[in-house]
2 protein chains.
Amino acid sequence: MFSETVAHRDHGKLPVASIFPASQNKGFERGSLRRVEAREHVFCEGDPRTHVFRVEDGVIALSKLLSDGRRQIIDFAYPGDYIGLGVLPDHVFDAQATCSAKIRCLSTTALEHEAASDASLALKLYKAVSAELVAARSLLVSVGQKTAMERVAAFLVNLHARNVNGDTERDVVKLPMRRSDIGDMLGLTIETVSRTITKLRTMHVIDVINGTEVHVLRTERLKELAGE
Amino acid sequence: MFSETVAHRDHGKLPVASIFPASQNKGFERGSLRRVEAREHVFCEGDPRTHVFRVEDGVIALSKLLSDGRRQIIDFAYPGDYIGLGVLPDHVFDAQATCSAKIRCLSTTALEHEAASDASLALKLYKAVSAELVAARSLLVSVGQKTAMERVAAFLVNLHARNVNGDTERDVVKLPMRRSDIGDMLGLTIETVSRTITKLRTMHVIDVINGTEVHVLRTERLKELAGE
DNA sequence: CGGACCGTTGACTCTTGTCAAAGCCAGTGG
DNA sequence: CCACTGGCTTTGACAAGAGTCAACGGTCCG
């Protein structure tokens, strides 16, 4: 069913920043590593929330589905990000790899048990979720108020700011997801996403290689187009 | 003429809340009460985050502005809700009363100092922010994927579920905000909001008294229209 | 080579936005 | 008491941005 695609072997150093205190971790750092193929689900909405995951490699799309199949991607989780935090017993969204990925699995019960007596850990959870909240609201502003051009530009600026490539190729933004993923995140169709990217190309603001690698030619112009 | 047009961003007049000793502060219990007139700002984006507030009465709209004036309301805070939680030193959105309101002011520094050594308080913060995150993502799904009718219906269902009126008048939903506030939350214009509400009336799903009091006539139908 | 999948492009449709005018209600002042 | 004013909502006519449907093209892989 899932064909074996060739693994990325080139993943560089992983972000060390962890919400789990190294000094007193009860094995949190060593949760089992799991490989997830492109399009494979890590978990679905409604699944019991037995684990929290840290993305080690690849990208995980977090999404919610309507009954008729419409999908809203609420976040992309990149290496170093945690997914599945929260206080509810079940997951409230789907998590699905957009490309081949690796994730570390961490026990929810152990985490919560630890947090109940460790204020600094609880505060780290607080901060992690607060950061997610800021991101969600930022996306909400895009989707609620911006034009297609502004949304796509803001999306690219956002990816650009993450600087996933490290210092080399500062102005190259990889798009490790399909047009449909971008569209489902921005509340646009794949056709509109495609047309908008084409327009950015004709405006010489970006260049696109193989449809997946965006070269930002005019950063400031792109930021202007992102609409504040 | 002393009507409520006090306040375009008059946060310079923000009264300083009294700071209760941290030792007595079980996090959320104390703080001075402040009255906020309709349209008055509690704080603005960029203001130093010196206080967290609990809504005691009325409704506070939390919003973000684009440079050209477009506004996205990211949440309505009702009595019992907290506003201004987070980890950043400054506020990242505006908070503005949609109608006359009362709020309790709580010192940020006292709260954070307390939370640093009290895991249960820190966990409460974690849970409060997690709940905000769930709400923000739910709104994101509406704005990103739903039609105008579905958004308005979902908005009404959401208010209906809060059951602000207590047990009496279970199917009456007060709208203590303007059409422009609803529109800015749902990513619609006031005209579209108005037309959609009119359509719901002609469908006999709701009835509207004085434009501000919605009687839900067919709850199930309204939920269907909300699109899952 | 052929098929599956994805992205691009074009023609056309339609929901929602824009602009404009009228209605409604509350508060005010003659 | 009633006309006037201002803020907000409703309604209508029209425009436009994004969606829909369809065809084509490129790439990967068996």
Side-chain angles (χ1 to χ4, degrees), chain A residues 1-6 37-39 68-72 98-100 142-153 175-202 206-214 225 227, chain B residues 1-8 37-39 61 66 68-72 98-100 142-153 175-202 206-214 225 227:
Chain A
M1 180 53 190
F2 292 113
S3 56
E4 266 309 309
T5 53
V6 181
E37 297 304 327
R39 313 248 68 187
D68 63 0
R70 281 174 288 178
R71 183 176 71 144
Q72 176 67 43
T98 67
C99 57
S100 177
S142 272
V143 171
Q145 301 299 326
K146 294 186 180 179
T147 64
M149 174 59 81
E150 288 170 332
R151 291 184 219 182
V152 172
L175 297 181
M177 69 286 288
R178 296 171 187 70
R179 295 292 183 270
S180 63
D181 295 322
I182 300 174
D184 286 349
M185 170 172 237
L186 301 180
L188 300 170
T189 59
I190 56 176
E191 293 95 332
T192 299
V193 172
S194 179
R195 277 187 255 267
T196 306
I197 289 177
T198 297
K199 188 158 190 190
L200 284 169
R201 269 198 294 116
T202 64
I206 62 172
D207 197 11
V208 182
I209 315 294
N210 280 333
T212 65
E213 197 176 299
V214 174
L225 289 168
Chain B
M1 248 343 151
F2 67 88
S3 59
E4 30 258 10
T5 54
V6 194
H8 282 14
E37 297 304 325
R39 313 248 68 186
L66 299 188
D68 62 0
R70 281 174 289 178
R71 183 177 72 143
Q72 176 67 42
T98 67
C99 57
S100 177
S142 272
V143 171
Q145 302 300 325
K146 294 185 180 177
T147 64
M149 174 59 80
E150 289 170 332
R151 289 184 221 182
V152 172
L175 297 182
M177 69 285 287
R178 294 169 189 71
R179 295 291 183 273
S180 62
D181 295 322
I182 299 174
D184 286 348
M185 169 171 238
L186 301 179
L188 300 170
T189 59
I190 54 176
E191 293 95 332
T192 299
V193 172
S194 179
R195 278 187 254 267
T196 307
I197 288 177
T198 297
K199 188 159 190 191
L200 283 170
R201 269 199 294 117
T202 65
I206 62 172
D207 196 11
V208 183
I209 315 293
N210 279 334
T212 65
E213 197 177 299
V214 174
L225 289 167

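Labels below follow one simple rule: chain letters A, B, ... track the order of the sequence lines, proteins then strands, and each chain is numbered from 1. Only a predicted model underlies this, so the values are computations on that prediction, with no experimental measurement involved.
B:Gln72 places a side-chain N or O within 3.5 Å of a backbone atom of B:Met185 that can act as its donor or acceptor partner. Judged by distance alone, the side chain of A:Thr98 and the main-chain N or O of A:Pro176 form a donor-acceptor pair under 3.5 Å.
Rounded to whole angstrom, the span from the CG atom of B:Leu200 across to the C1' atom of D:dT9 amounts to 16 Å. Taking atom CG of residue A:Asn210 and atom P of nucleotide C:dG7, one finds them 12 Å apart after rounding to whole Å. When the P atom of D:dA18 is taken as reference, atom CD of B:Gln145 falls 15 Å away, rounded to whole Å. The distance between atom CZ of A:Arg178 and atom P of C:dG7, rounded to the nearest whole Å, is 7 Å. The nearest whole Å value for the distance from the CG atom in B:Leu175 to the P atom in D:dC8 is 15 Å. Summarising the geometry, the separation between NZ on B:Lys199 and C1' on D:dT10 is reported as 16 Å, rounded to the nearest angstrom. With rounding to whole Å, A:Met177 atom CE is found 15 Å from C:dC6 atom C1'.
Closest of all the heavy-atom pairs between A:Thr212 and A:Val208 is N-CG1, 4.3 Å.
More than 12 heavy-atom neighbours from other residues, nucleotides or ligands sit within 6.0 angstrom of CG on B:Asp68.
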query = Nucleotide by nucleotide, 5' to 3', does protein get under 4.0 Å of the base (B), only the sugar-phosphate (S), or neither (-) in nucleotides 9-20 of chain C, counting heavy atoms?
reply = BBB----SSBB-

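A salt bridge does not link B:Arg178 with B:Asp184: none of the charged nitrogens is closer than 4.0 Å to a carboxylate oxygen.
Partners of B:Arg179 under the salt bridge (charged side-chain N to carboxylate O under 4.0 Å, His left out) rule, at least two apart in sequence or in another chain, do not exist in this structure.
Put simply, A:Arg179 has no side-chain N or O that comes within less than 4.0 Å of OP1 or OP2 on C:dC6.
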